[in-house]
Number of protein chains: 2
Amino acid sequence: MGQVDLRVVKTKEALHKALLTLLKNKPLEAISISEICRIAKVNRGTFYLHYTQVGDLFGEYFKEIMDDLANSYQEPYRHVAKLNPKKLNPSTVRIFHHVERYKEYYRIILSKNVPLTYYYLLLEEVKNLLTGNLEKDYKSAEGIDPNLQASYAANAILGIIIQWYQDDFEQKANYLNEQLVKILRLT
Amino acid sequence: MGQVDLRVVKTKEALHKALLTLLKNKPLEAISISEICRIAKVNRGTFYLHYTQVGDLFGEYFKEIMDDLANSYQEPYRHVAKLNPKKLNPSTVRIFHHVERYKEYYRIILSKNVPLTYYYLLLEEVKNLLTGNLEKDYKSAEGIDPNLQASYAANAILGIIIQWYQDDFEQKANYLNEQLVKILRLT
DNA sequence: ATTTTTATTGTACAACTGTTCAATAATTTA
DNA sequence: TAAATTATTGAACAGTTGTACAATAAAAAT
């Protein structure tokens, strides 16, 4: 496959850097393409050569975040080993610690004026984590659509994260993990 | 309180009608303020006198939809009377039938380029339905933040709705209610 | 019916958007 | 190193956005 053109690398770096600079002072939806290009010293036409919206640029960070989320899941985590393994077991995901680590990004992703795109990507990732590693020891219950169940469970966890976000991430990640365990024990 | 100025009523009606017309042919995020005003034969400045974004206009429909959702909950519904009343019991909500009724709107609300605002309003409404009617016979379990639990449960249901939306609302509302009951029985 | 209030209009302006195109510069390939 | 490729630039255009203001029309209040 063809080489990566250095010019493209430099342009994208400049645009990324400019976006990060701007994000310190204003929300994603208030940042214009012209503004980014002015700071990045990149021609506006060049922006359109690589992206179509400001959000596309942010989307590239998002992939990194999702990688960290996937890695979080691999980390050994013993706290909740006693939980029932027969169902989708969200508490084995170190997702709250991941969110805590990236909370500045989640403030953007979950802000009300941002499109649902990122939320859906996040939901998909969590669904994969919940099912991917569990379908071995987990046999789908009578007549339940596994996909539906996964969406149910994954979005439930996102519900906790949304609440956490709305509380401005005041509590510690460990606290939320404990809460989740308690909720799951309720039956 | 002061009368409702007839001019305002007429203007808003014209704008609403224009938005609905446009929505038949293109997604919400592709509709410009200028376009709406052109069709509605309303000066663009007048738009800004009442709204700030195209989304605000859509938001007024959204309120009606939420009213219907709240009403859905009041309707008698016997199918699932046998479910454990000790926990938040989402299956008593006729939310799937409501979504089925308004699916053309939910296609907009849940489309990926639309801001999270509507999703949050929906989540809040479902949370209220789940808690409002249940806190009587429901005593909060040991050390669980009720608000967190409500977000968990409400967003879980929205997870099912999202999946349903992504499947283009192929299944019947009754099927989803049955699935939910089965998922809840799993423990 | 007349006066008072105020919603709407038309116009204007600077900034942003999305796109096109030829000219130029930087990078890769041979 | 020279030639070929292609990313970037600058300029231009029609359309949108958000805002402001005086003039006008429509409605409410008396």
Side-chain angles (χ1 to χ4, degrees), chain A residues 1-61 108 111-118, chain B residues 1-60 63 108 111-118:
Chain A
M1 51 184 131
Q3 284 282 350
V4 216
D5 197 313
L6 281 185
R7 291 169 292 187
V8 177
V9 177
K10 277 196 245 172
T11 299
K12 289 196 171 183
E13 264 178 11
L15 290 173
H16 277 127
K17 205 169 159 187
L19 177 60
L20 279 193
T21 305
L22 287 167
L23 275 173
K24 284 174 190 154
N25 299 315
K26 53 170 83 176
L28 185 62
E29 71 271 13
I31 298 174
S32 72
I33 293 173
S34 302
E35 215 171 0
I36 294 172
C37 294
R38 220 176 295 129
I39 293 183
K41 294 194 175 71
V42 163
N43 190 277
R44 197 164 56 85
T46 309
F47 179 96
Y48 287 105
L49 243 35
H50 300 291
Y51 311 100
T52 65
Q53 308 169 347
V54 177
D56 296 345
L57 200 53
F58 182 73
E60 294 192 339
Y61 290 114
I108 298 169
S111 68
K112 66 181 177 36
N113 290 315
V114 146
L116 273 165
T117 329
Y118 310 119
Chain B
M1 54 183 130
Q3 284 283 350
V4 216
D5 196 314
L6 280 187
R7 291 170 292 186
V8 177
V9 177
K10 276 195 245 172
T11 297
K12 289 194 171 184
E13 263 178 12
L15 290 172
H16 277 126
K17 204 170 160 188
L19 177 59
L20 279 192
T21 305
L22 286 166
L23 275 174
K24 282 172 191 156
N25 299 315
K26 51 171 85 177
L28 185 62
E29 71 272 13
I31 298 173
S32 71
I33 293 173
S34 301
E35 214 171 0
I36 295 173
C37 293
R38 221 176 294 130
I39 293 182
K41 292 196 176 69
V42 164
N43 190 276
R44 197 163 56 84
T46 310
F47 180 96
Y48 287 104
L49 243 36
H50 299 291
Y51 311 100
T52 66
Q53 307 169 347
V54 177
D56 296 345
L57 200 53
F58 182 74
E60 294 191 338
K63 277 181 197 158
I108 298 169
S111 69
K112 68 180 176 38
N113 291 315
V114 146
L116 274 165
T117 328
Y118 310 118

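Computed over heavy atoms, backbone and side chain alike; hydrogens, waters and symmetry mates excluded. Chain naming here is simple, since letters A, B, ... match the order of the sequence lines and numbering starts at 1 in each.
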Kindly point out which of [options] is positioned nearest to the side chain of [X]?
{"X": "B:S32", "options": "C:dA7, D:dA7, D:dT17", "answer": "D:dT17"}
{"X": "A:V42", "options": "C:dT8, D:dT8, D:dT9", "answer": "D:dT9"}
{"X": "B:D5", "options": "C:dT19, D:dA27, D:dT19", "answer": "D:dA27"}
{"X": "A:N43", "options": "C:dT8, D:dT9, D:dT16", "answer": "D:dT9"}
{"X": "A:S34", "options": "C:dA26, C:dT17, D:dA26", "answer": "C:dT17"}
{"X": "B:R44", "options": "C:dT8, D:dG18, D:dT8", "answer": "D:dG18"}

Take the protein atom [atom1] of [X] and the nucleotide atom [atom2] of [N], then report the distance between them rounded to whole Å.
{"X": "B:E29", "N": "D:dT17", "atom1": "CD", "atom2": "P", "answer": "14 Å"}
{"X": "A:Y48", "N": "C:dC16", "atom1": "OH", "atom2": "P", "answer": "11 Å"}
{"X": "B:I39", "N": "D:dT16", "atom1": "CD1", "atom2": "P", "answer": "11 Å"}
{"X": "B:R38", "N": "D:dG15", "atom1": "CZ", "atom2": "P", "answer": "9 Å"}
{"X": "B:L15", "N": "C:dT9", "atom1": "CG", "atom2": "C1'", "answer": "14 Å"}
{"X": "A:L22", "N": "C:dC16", "atom1": "CG", "atom2": "C1'", "answer": "15 Å"}
{"X": "A:L57", "N": "C:dT17", "atom1": "CG", "atom2": "P", "answer": "13 Å"}
{"X": "B:Q53", "N": "D:dT19", "atom1": "CD", "atom2": "P", "answer": "11 Å"}

Students often get this wrong, so: under 4.0 angstrom with heavy atoms, is [X] touching a base, only sugar-phosphate, or nothing?
{"X": "A:T46", "answer": "base"}
{"X": "A:K12", "answer": "nothing"}
{"X": "A:I33", "answer": "sugar-phosphate"}

Residue of the set B:L49, B:D5, B:T46, B:L6 for which side-chain contact (heavy atoms from CB on, under 4.5 Å) holds with B:T11:
B:T46

State which residue, out of A:K12, A:E13, A:R7, fulfils the side-chain contact (heavy atoms from CB on, under 4.5 Å) condition with A:V9.
A:E13

Using modelled atom types and a 3.5 Å cut-off, is there a donor and acceptor pairing between side-chain atoms of A:D56 and backbone atoms of A:Q53?
yes

Would one find a side-chain N or O of B:H50 under 4.0 angstrom from OP1 or OP2 of C:dA7?
no

Reckon B:K10 has a side-chain N or O less than 4.0 Å from the OP1 or OP2 of C:dA7?
no

Checking only heavy atoms, does the side chain of A:R7 share a donor-acceptor pair with the base of C:dA26 at less than 3.5 Å?
yes

Is the closest basic N to carboxylate O distance between B:K112 and B:E29 below 4.0 Å?
no

